[in-house]
Amino acid sequence: MIDKGYIKNIFEIDSISNFFDTDVFLADDSRLFEGDSTIYKRGVPSRVVRKRGEPRPEKGAFQGRKITQADGVLTQRFRLPTEAEWEFAAKANVENREYNNIRGRKKYAWDGKYTRAKEKRYKGDQLANFKQGNGEYSGLSGWSSDGSDIPNKIKSYPPNAFGLYDMSGNVAEWVADVYRPIIDNEANDFNYFRGNIFTKKMIDANGNLVYAADGDYAKVDYDTLPNGKIIPKQLPGTIKYMPITKDDAVMRRNFSIANNSNIGDGDMNSSRFFNANEDEFTSKPSMYNSPKGPTRMRDSITGKDILVNDAKKRTTLISDNTRVYKGGSWSDREYWLDPAQRRYLPEYMATNYIGFRCVSDKLGPMSTQKKTARNPSR
């Protein structure tokens, strides 16, 4: 339909122009909104000193400097939280912290080890939406009911000590980590994350940044999801990125290749040939016999593309496309409400009990002032 001209491609450069991208703004803000800088604030106020006899600037004229990353007003990209970030947010240990110690038992996102409220006004009320038994999606009528046998609207249950709602129950949530049964504590015990893909900005032969669907790179690259949906890999006008090369990682200790999702997974260091020469170790053994995901092939009879899955030949779902999801849902038992529990599914699968929440990065110290000790009362 697009090739014949019946439907206009919404991802062409002339149809997507009114978007804001932080990286593009910092590199060349004239590329945004077709160069119309009046749509967004181009600068921060600065004191203007006029000399004697100089006319006053026109009303609405730009008087200031261009916004920089250090001003703290530019939003960062939203992303999925890592597994460590999600657990920290769900656990909210400020609720049972006493100076530098953790007191009592905090099994769920709320204080205590039970799923019912203990305050007098709400005593006995369920604190989350979960499956309490076979066929008991909302519990017994009365105080034992959680009020919903399907996903409930947000803020239907009390938040945790960080003010976050539904960190236990209602729906489970995807995190950014690629699943592996054992986490390698030797890799990094500070906010561990599996799934790093290191990239760099693409530079052309003239030393200029390369933008998607611009100049010699006018073609928009598309990706076909396993369900057949076609999506663009990158919106036109955004800066293109490419994987780092071996030359970029020569003197680095934390990574040596661009895609580190399967680091220590079947490579030379994790095999019985760890003393062998790297040149002799030519084939990378596969630790997990996982499905490669649904693939598309042409049907010789109908001439249409069909989905083919090789799952019958495989013995596990663990792969580089398998992500962790955390927290219990409306259809899960109480066991999965514990923030420490983890499960996994292929990232291209959709369910009626897994959702997601987004986070953004903030660089800088957590606090600039000395805080007093917080001793919450029971």
Side-chain angles (χ1 to χ4, degrees), residues 80-134 136-177 191-192 324-344 351-360 366-367 371-378:
L80 288 175
T82 66
E83 185 175 2
E85 290 171 341
W86 192 97
E87 284 191 19
F88 180 83
K91 205 69 174 180
N93 59 6
V94 296
E95 198 169 24
N96 62 332
R97 178 180 61 82
E98 183 177 10
Y99 296 101
N100 216 26
N101 299 317
I102 300 295
R103 67 180 186 184
R105 182 181 180 185
K106 196 172 191 292
K107 182 175 176 61
Y108 305 108
W110 51 84
D111 192 17
K113 56 182 180 180
Y114 302 106
T115 62
R116 300 185 186 185
K118 55 186 178 182
E119 292 80 7
K120 290 184 178 180
R121 183 177 179 181
Y122 303 103
K123 193 171 185 178
D125 289 354
Q126 292 291 349
L127 297 173
N129 181 14
F130 65 99
K131 182 179 179 181
Q132 300 180 36
N134 292 334
E136 292 188 33
Y137 287 90
S138 60
L140 300 175
S141 58
W143 281 350
S144 180
S145 175
D146 58 31
S148 180
D149 54 353
I150 59 176
N152 207 346
K153 64 179 181 179
I154 61 173
K155 298 185 179 181
S156 296
Y157 307 93
N160 67 359
F162 285 157
L164 301 175
Y165 290 87
D166 299 322
M167 296 301 291
S168 289
N170 214 24
V171 292
E173 297 176 358
W174 290 107
V175 295
D177 287 63
N191 201 13
Y192 181 90
V324 178
Y325 68 95
K326 305 281 288 184
S329 72
W330 61 274
S331 61
D332 290 318
R333 299 294 294 267
E334 179 182 347
Y335 173 83
W336 297 108
L337 300 183
D338 184 352
Q341 303 306 325
R342 57 201 306 259
R343 290 174 285 179
Y344 62 96
T351 70
N352 61 355
Y353 59 88
I354 303 180
F356 67 94
R357 70 178 70 211
C358 296
V359 299
S360 61
M366 292 185 292
S367 175
K371 289 186 176 181
T372 58
R374 181 172 182 264
N375 298 313
S377 59
R378 287 193 176 274

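Computed from a predicted model, the values in this text were never measured in an experiment.
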For the student: nearest non-hydrogen atoms of Arg333 and Asn134, plus distance: NH1-OD1, 3.9 Å
Under 3.5 Å side-chain donor-acceptor pair for Asn152 and Asn129: no
Stepwise, does the side chain to side chain contact (heavy atoms under 4.5 Å, CB included) test hold for Tyr335 with Gln341? CA-CA 8 Å; Tyr335 173 83; Gln341 303 306 325; 2.9 Å; yes
Going by side-chain hydrogen bond (donor to acceptor under 3.5 Å, both in side chains), Thr115 matches just one of Gln132, Glu334, Gln126. Which one? Gln126
Should we say atom OH of Tyr344 is surrounded by more than 12 heavy atoms from elsewhere, each under 6.0 Å from it? yes
Before you tell me yes or no, could you show the steps for Asp111 and Lys118 under side chain to side chain contact (heavy atoms under 4.5 Å, CB included), namely the whole-Å CA-CA distance, both residues' side-chain angles and the distance that decides it to 0.1 Å? CA-CA 10 Å; Asp111 192 17; Lys118 55 186 178 182; 4.3 Å; yes
Please, which pairs that meet salt bridge (charged side-chain N to carboxylate O under 4.0 Å, His left out) have at least one residue in residues 164-174, sequence neighbours excluded? Glu173-Arg357
Separation between CZ of Arg342 and CH2 of Trp336, rounded to the nearest 0.5 Å: 10.5 Å
For Ser138 and Asp146, indicate whether the former's side chain and the latter's backbone hold a donor-acceptor pair under 3.5 Å. no
With side chains defined as the heavy atoms from C-beta onward, is the minimum distance between Asn170 and Ser329 less than 4.5 Å? no
Counting C-beta onward and ignoring hydrogens, is there a side-chain heavy-atom pair between Leu164 and Pro159 closer than 4.5 Å? no
Donor-acceptor check, side chain of Glu85 to backbone of Thr82, threshold 3.5 angstrom: yes or no? yes
Between Leu80 and Val175, is a side chain to side chain contact (heavy atoms under 4.5 Å, CB included) present by the stated rule, with each step listed? CA-CA 6 Å; Leu80 288 175; Val175 295; 5.7 Å; no
Residues Ile354 and Trp174: closest non-hydrogen pair is CG2-NE1, 3.3 Å
Please list, chain by chain and in numerical order, all residues satisfying ring-ring contact (aromatic ring centres under 6.0 Å, His included) with Tyr353, sequence neighbours excluded. none
State the CD-NZ distance between Glu95 and Lys106, to the nearest 0.5 angstrom. 5.0 Å
Looking at Lys326 and Glu83, is any side-chain nitrogen of the basic one under 4.0 Å from a carboxylate oxygen of the acidic one? yes
Mind checking ring-ring contact (aromatic ring centres under 6.0 Å, His included) for Trp86 and listing every partner two or more places apart, or none if nothing turns up? none
Between Phe356 and Tyr325, does the ring centroid distance fall short of 6.0 Å? no
Non-hydrogen side-chain atoms of Tyr114 and Tyr108 separated by less than 4.5 Å: no
Closest heavy-atom contact between Ala128 and Ser168? CB-O, 3.2 Å
Taking the side chain as every heavy atom from C-beta outward, state whether Tyr137 and Ser331 have any pair of such atoms under 4.5 Å apart. yes
Tell me the closest heavy-atom pair linking Ala109 and Asn160, and the distance in Å. O-CB, 3.1 Å
Within a strict 4.5 Å, meaning less than it, do heavy atoms of the Lys107 and Leu337 side chains meet? no
Check Asp332 with Arg343, please: is the shortest side-chain N to carboxylate O separation under 4.0 Å? yes
